[in-house]
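No experiment lies behind these values; they were computed from the predicted model shown. In what follows, chains are A, B, ... by sequence order, proteins preceding strands, each numbered from 1.
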Number of protein chains: 2
Amino acid sequence: MEFRLIDRIRERTAQGREDVRLGIGDDAALLAVPPGMELAAAVDTLVEGVHFPVGTAPADIGWKALAVNLSDLAAMGATPAWALLALTLPDTLAPAAREAFVDGFADGFAALAGSQRLALVGGDTTRGPLAVSVTVHGFVPAGQALLRAGARVGDAVLVTGTLGDAAAGLALWQRAESDARAASLVARLNRPTPRLAAGLALRGHANACIDVSDGLLADLGHICAASGVGAEIEAALLPRSSALLGLFDDAAARDLALSGGDDYELCFTVPAARATEVQADLARLGCGATRIGRIVAGEGVRVRDADGGWLEPSRRGWDHFAA
Amino acid sequence: MEFRLIDRIRERTAQGREDVRLGIGDDAALLAVPPGMELAAAVDTLVEGVHFPVGTAPADIGWKALAVNLSDLAAMGATPAWALLALTLPDTLAPAAREAFVDGFADGFAALAGSQRLALVGGDTTRGPLAVSVTVHGFVPAGQALLRAGARVGDAVLVTGTLGDAAAGLALWQRAESDARAASLVARLNRPTPRLAAGLALRGHANACIDVSDGLLADLGHICAASGVGAEIEAALLPRSSALLGLFDDAAARDLALSGGDDYELCFTVPAARATEVQADLARLGCGATRIGRIVAGEGVRVRDADGGWLEPSRRGWDHFAA
């Protein structure tokens with residue numbers, strides 16, 4: 001059974017990669033890691049109604065399921081290579097609806113995979129509530145991966161792109177807002193762009209790096225915990241899109257930028273003296289990066305408001321499974 | 001969030017493996033494949049009510065989720081190394097019930113992982129309908145993996161262990177049968193043993209190999225399709241356990257052995273002249289193997305009954321997602 005559905009995805013994602021010695025169709029794929037490279041591996045699951053709203057287009061689900069995993073590779077400074085896909089589809093779908101879902105899903109998955117020369121090397125499809133689990137593999141020269149641990153007191157804290165857009169997009173989608181600005185934010189929710197080129201460019205420069213999947217406060221908090229340091233962020237410096245600022249008041253936009261998940265930007269730290277040079281490097285790749293704060297002694301993330309006081313954010317980030 | 005649940009599993013599965021450069025806790029694991037080795041990678045998902053009955057013990061779910069994946073490595077002749085786990089748990093579970101589930105799941109997963117020196121290197125937990133997706137990785141010397149393609153006309157067809165037990169166990173579990181023979185069959189369903197040592201021993205000997213997850217007819221059919229050959233099986237030669245034969249009549253036991261899934265034995269072909277030697281090799285590992293038929297020109301799998309006629313099996317194997 002696996003093969004009928006997975007084959008349709010494979011047709012759209014075929015990549016001529018010499019490191020794939022045996023692709024889909026046997027009990028396992030056979031893969032070759034280039035000499036001198038470490039293998040970076042990560043898994044993420046998307047469940048309907050938890051990680052994407054009911055009614056999300058199949059192509060967007062396919063794109064996003066891969067994107068959130070590629071974002072983990074980006075945060076390590078790794079180059080994507082292979083993915084394995086576990087897709088669970090409801091058996092209440094009629095055959096035609098299932099085919100339409102698979103076609104759409106494959107289109108979205110393949111659009112992103114193709115742009116990264118990523119090969120789908122394994123798959124399993126089963127029936128059950130709609131969920132997608134992707135395991136992704138990439139290469140990074142041995143010893144050069146970007147880690148969460150490594151931030152040092154005095155480092156500048158930077159973030160790529162803009163924050164809060166995806167969480168805003170979710171709110172707008174739920175309200176069925178449909179103007180152009182809302183559409184741009186909903187697109188950030190449904191079609192996140194993993195910052196792979198930025199991750200590669202940060203190798204040898206960033207002391208610590210993470211992707212912003214659960215919200216800036218939560219994810220920068222992970223860097224602080226792993227590095228044994230604290231961080232201070234200036235709310236006034238948070239990069240926010242014009243669409244976000246056009247549709248939400250300043251306080252709401254700030255809270256979304258601090259705590260909204262699903263943006264898949266990179267948050268990283270570099271020695272303060274090199275922050276400008278790193279920003280220029282990323283700008284040449286078409287990826288803006290904004291300096292938003294600094295690493296300090298202590299622990300945890302604090303946020304200074306425009307008037308110089310400390311904010312007490314109402315939410316510390318998304319937790320899909322809060323105890 | 002991921003870390004609270006995954007950490008409890010990791011505590012029980014910690015393996016001191018030098019090839020794990022960075023384990024759970026960052027955006028991705030960093031792994032080193034030994035020189036000269038290819039990486040074998042496979043993914044399988046278990047969904048409650050589809051791949052295991054509602055009410056299955058958490059420890060059995062943990063064991064089986066890993067076992068079915070290790071069975072894919074066994075069928076390739078690969079040595080297990082690492083796994084990534086995606087676990088989806090219902091948010092209707094109270095915290096204490098969730099903890100009890102995770103503890104049990106971790107115990108079962110770790111019991112099997114520990115016996116194979118397998119390290120859990122990545123995980124994602126989320127809320128939703130109960131499902132487990134495991135991606136497993138193993139090593140095989142370059143060019144030596146066992147494939148489905150490669151069976152040749154004249155090869156003997158063999159299978160390890162006994163067939164039909166797990167499907168019988170499912171039937172008995174559903175009837176709540178509880179005597180010792182029934183318990184042994186239910187254990188085959190809940191705690192399958194991946195034939196890893198047998199898979200290693202078959203490298204350099206077997207022309208084709210697959211694990212019996214969907215039923216002998218279906219899986220031997222995959223070997224035939226991949227190899228461009230047919231197969232003839234003698235029903236009288238099918239290896240069946242005394243528990244199976246004690247609780248089912250001969251025809252029912254035969255059909256279970258032909259079409260029942262979830263046994264995770266290996267089905268393989270070897271040149272006929274070497275079948276006895278290979279059987280002896282496997283016997284020294286404590287793994288019986290039975291010669292059940294031969295590879296012929298043509299296509300598909302035919303089954304000869306004890307009277308010399310051809311059987312028309314009522315089912316060609318399990319298909320969890322039949323169109």
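For chain A, the nearby parts of B:Thr45 are the backbone and the side chain; heavy atoms of each come within less than 4.5 Å. Contacts of A:Ala226 with chain B are absent, with no heavy-atom separation under 4.5 Å from either backbone or side chain. Heavy-atom distances place the side chain of B:Val140, and not its backbone, under 4.5 Å from chain A. Contacts between B:Val33 and chain A at a heavy-atom distance below 4.5 Å involve the side chain alone, from C-beta outward. Only the side chain of A:Val47 comes within less than 4.5 Å of a heavy atom in chain B; its backbone stays farther off. Proximity to chain A is limited to the side chain of B:Leu22, based on heavy atoms less than 4.5 angstrom apart.
Distance CG/B:Leu146 to CG/A:Asp27: 9.5 Å, rounded to 0.5 Å.
Ranked by heavy-atom pairs under 4.5 Å with chain B, the list A:Ala42, A:Ala32, A:Ala28 is led by A:Ala28. The most heavy-atom pairs under 4.5 Å with chain B, out of A:Thr135, A:Val121, A:Leu30, come from A:Leu30. Note: B:Ala41 leads B:Pro129, B:Ala41, B:Ala86 in heavy-atom pairs under 4.5 Å with chain A.
Proximity of A:Leu39 to B:Leu39: side-chain heavy atoms (C-beta onward) are separated by under 4.5 Å at one or more points. Proximity of A:Thr126 to B:His51: side-chain heavy atoms (C-beta onward) are separated by under 4.5 Å at one or more points. Side chains of A:Leu31 and B:Glu38 form no contact here, defined as non-hydrogen atoms less than 4.5 Å apart. B:Val43 places none of its side-chain heavy atoms less than 4.5 Å from the side chain of A:Leu85.
For the side-chain contact (heavy atoms from CB on, under 4.5 Å) test, no residue two or more places apart in sequence or in another chain qualifies with B:Thr193.
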Pair A:Val50-B:Asp91, side chain to side chain contact (heavy atoms under 4.5 Å, CB included): steps then yes or no: CA-CA 11 Å; A:Val50 180; B:Asp91 54 4; over 6 Å; no
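Within a 6.0 Å radius of CD in A:Gln144, other residues, nucleotides and ligands contribute more than 12 heavy atoms.
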Return a table of donor-acceptor pairs under 3.5 angstrom between the side chains of residues 65-76 of chain A and protein atoms on other chains or two or more places apart.
from: A:Asn69; atom 1: OD1; to: A:Asp44; atom 2: N; distance (Å): 3.0
from: A:Asn69; atom 1: ND2; to: A:Ala65; atom 2: O; distance (Å): 2.9
from: A:Asn69; atom 1: ND2; to: A:Val134; atom 2: O; distance (Å): 3.4
from: A:Ser71; atom 1: OG; to: A:Asp211; atom 2: OD2; distance (Å): 2.7

